[in-house]
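Each remark here refers to the structure printed beneath this line.
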Amino acid sequence: HNEWGGYDVVANNLAQNGVLVAELDFAGCGASTEDYHLNAMSYMCKDVLDVINYAKETYGVTKVGAMGYSMGGRIVSQMLIEDMIKFDSIAFVAPAVSLADMVVMFGGQENYDMMKETIKGTDDMYPFPGAFGEQLLSNEFFNDLEAYGEDMAELAAAKYDGNSLTIYSTDDYIVNPAVSQACADAFGSVVVTVSDLG
């Protein structure tokens, strides 16, 4: 929930300004005790919805905003497409909404296809040594990843009419800056760019 140490800072600043903030660890990550097999987008969406519903029931929350970093941007988009919730505001940070860009991140089409085929029809998980450490990829992960092809940002934006912010680095080597900008364009976001090099 606090990848690379930055999100507690964001959460604390929002809280100091009267915003209730909920952060979570997805299955198999951080303090989560759930099996990593549940680390696929469809399960992540359900986890986020559970947290939102808890905040609504426990604290009387009536307006809900979301900040999705990388895969989190994909989760927010999938939740919109599937009409799981109506967000009142959204902030994206380098949203991983392009299937083609994800394929590149997983070593290109040949490597991606090999990983997917290796575990197809099994309960096995493929250990991918990614930029953030080893990721265990399941059948569900690949199925979820392919569910909306290259239209994810447009499909999600069509279901959203609130304000949005998109933040990305012009030097990002994980999520292509063009993907972040295309997502921002689809949502009509206010855009903030930063440079890792400058």
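Given the structure is predicted, the values throughout are model-derived calculations rather than measurements. In what follows, every heavy atom counts, from backbone to side chain, and hydrogens, waters and symmetry copies are set aside.
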task: Run the numbers on Y43 and E140 for side-chain hydrogen bond (donor to acceptor under 3.5 Å, both in side chains), then give the verdict.
output: CA-CA 9 Å; Y43 297 117; E140 290 83 7; 4.6 Å; no

Gap between atom OG of S180 and atom CG of D185 - 0.5 Å precision: 11.0 Å

field: Nearest atoms (heavy-atom pairs only) where A31 meets D25
entry: N-OD2, 2.9 Å

message: So, taking the atom named CG in D151 and the one named CD1 in I81, what distance separates them when rounded to the nearest 0.5 Å?
response: 9.0 Å

query: Mind checking whether V179 and Y168 have side chains closer than 4.5 Å, heavy atoms only?
result: no

- prompt: Is D113 paired with K120 through a side-chain N to carboxylate O contact shorter than 4.0 Å?
  reply: no

In one Ile/Leu/Val/Met/Phe/Trp/Tyr side-chain cluster, 4.5 Å: M105, Y173: yes

Main-chain N/O of A96 paired to D101 side chain as donor or acceptor, under 3.5 Å: no

- request: Output the distance between atom CD (Q135) and atom CE (M125), rounded to the nearest 0.5 Å.
  value: 10.0 Å

Close aromatic pair by centroid cut-off 6.0 Å: Y112 and F142: yes

- prompt: Is it true that the side chains of Q78 and Y148 contain a donor and an acceptor less than 3.5 Å apart?
  reply: no

message: Looking at every heavy atom in both A94 and D172, which two are closest together, and how far apart are they?
response: CB-OD2, 3.5 Å

message: Assess the residue pair I75 and V48 against the criterion (side-chain contact (heavy atoms from CB on, under 4.5 Å)); give the C-alpha distance rounded to whole Å, side-chain angles, the decisive distance to 0.1 Å, and a yes or no.
response: CA-CA 9 Å; I75 301 308; V48 170; 4.1 Å; yes

query: Do E150 and S98 get their side chains close enough for a donor-acceptor pair, meaning under 3.5 Å?
result: yes

task: Taking atom CG of N163 as the centre, report whether more than 12 heavy atoms of other residues, nucleotides or ligands fall under 6.0 Å from it.
output: no

task: First locate atom CG of L145, then atom OG of S42, and finally report the distance between them rounded to the nearest 0.5 Å.
output: 11.5 Å

query: How far apart are the C-alpha atoms of E23 and D8, what are their side-chain angles, what is the distance that settles it, and do they pass the side-chain contact (heavy atoms from CB on, under 4.5 Å) test?
result: CA-CA 9 Å; E23 301 173 279; D8 278 347; 2.9 Å; yes

message: Within the structure provided, determine whether M71 and M41 are in side-chain contact (heavy-atom separation under 4.5 Å).
response: yes

- prompt: Looking only at heavy atoms, which two atoms of V191 and T193 are closest? And how far apart?
  reply: CG1-CG2, 3.9 Å

task: Determine, step by step, whether F141 and Y126 satisfy the ring pair (Phe, Tyr, Trp, His ring centres under 6.0 Å) criterion, reporting the C-alpha distance in whole Å, the side-chain angles of both residues, the deciding distance to 0.1 Å, and the verdict.
output: CA-CA 10 Å; F141 181 89; Y126 194 93; over 10 Å; no

query: Could you go step by step and tell me if F128 and L136 meet the side-chain contact (heavy atoms from CB on, under 4.5 Å) rule?
result: CA-CA 6 Å; F128 175 72; L136 300 173; over 6 Å; no

message: Distance check, rounded to the nearest 0.5 Å: M152 atom CE versus L99 atom CG?
response: 9.5 Å

message: Using side-chain heavy atoms (C-beta onward) and a distance below 4.5 Å, is T166 in contact with V190?
response: no

- prompt: Counting only N and O atoms by type, is there a donor-acceptor contact under 3.5 Å from the side chain of T58 to the main-chain atoms of A55?
  reply: no

- prompt: If you look at every heavy atom in A15 and V21, which pair is closest and at what distance?
  reply: N-CG2, 4.3 Å

task: Return yes when atom CG of D161 has more than 12 non-hydrogen atoms of other residues, nucleotides or ligands closer than 6.0 Å, and no otherwise.
output: no

- prompt: If every non-hydrogen atom of P177 is compared with every non-hydrogen atom of S169, which pair is closest and at what distance?
  reply: CG-O, 3.5 Å

- prompt: How about L14 and N17: do any of their side-chain heavy atoms sit closer than 4.5 Å?
  reply: no

task: Tell me, with the steps shown, if V64 and K56 meet side-chain contact (heavy atoms from CB on, under 4.5 Å).
output: CA-CA 9 Å; V64 178; K56 286 181 170 183; 3.8 Å; yes

message: Less than 3.5 Å apart, any donor N or O on the side chain of N12 or Q16 sitting next to an acceptor on the other?
response: no

query: Is it true that F87 and Y160 have ring centroids separated by less than 6.0 Å?
result: no

query: Closest heavy-atom contact between P95 and G73?
result: CB-CA, 4.1 Å

- prompt: Would a 4.5 Å heavy-atom cut-off, applied to side chains only, mark V93 and S70 as touching?
  reply: no

Centroid-centroid distance, F92 to Y69, less than 6.0 Å: no

query: More than 12 foreign heavy atoms under 6.0 Å from CD of E134: is that the case here?
result: yes

- request: With the side chain counted from C-beta on, respond yes when D47 and E34 share a heavy-atom pair under 4.5 Å apart, and no when they do not.
  value: yes

task: Following the transitive rule for hydrophobic clusters with a side-chain heavy-atom cut-off under 4.5 Å over Ile, Leu, Val, Met, Phe, Trp and Tyr, establish whether I174 and V194 coincide in one cluster.
output: no

- request: Report the distance from atom CG of L49 to atom CG of N53, rounding to the nearest 0.5 Å.
  value: 4.5 Å

- prompt: If we only count heavy atoms from C-beta on, is the V61 to L20 side-chain gap below 4.5 Å?
  reply: yes

query: Does the side chain of F187 come within less than 4.5 Å of L80's, by heavy atoms?
result: yes

- prompt: Given the rule in the salt bridge (charged side-chain N to carboxylate O under 4.0 Å, His left out) test, do K159 and E82 qualify, once you have shown the distances and angles that lead to the verdict?
  reply: CA-CA 9 Å; K159 299 278 187 97; E82 296 177 4; over 6 Å; no

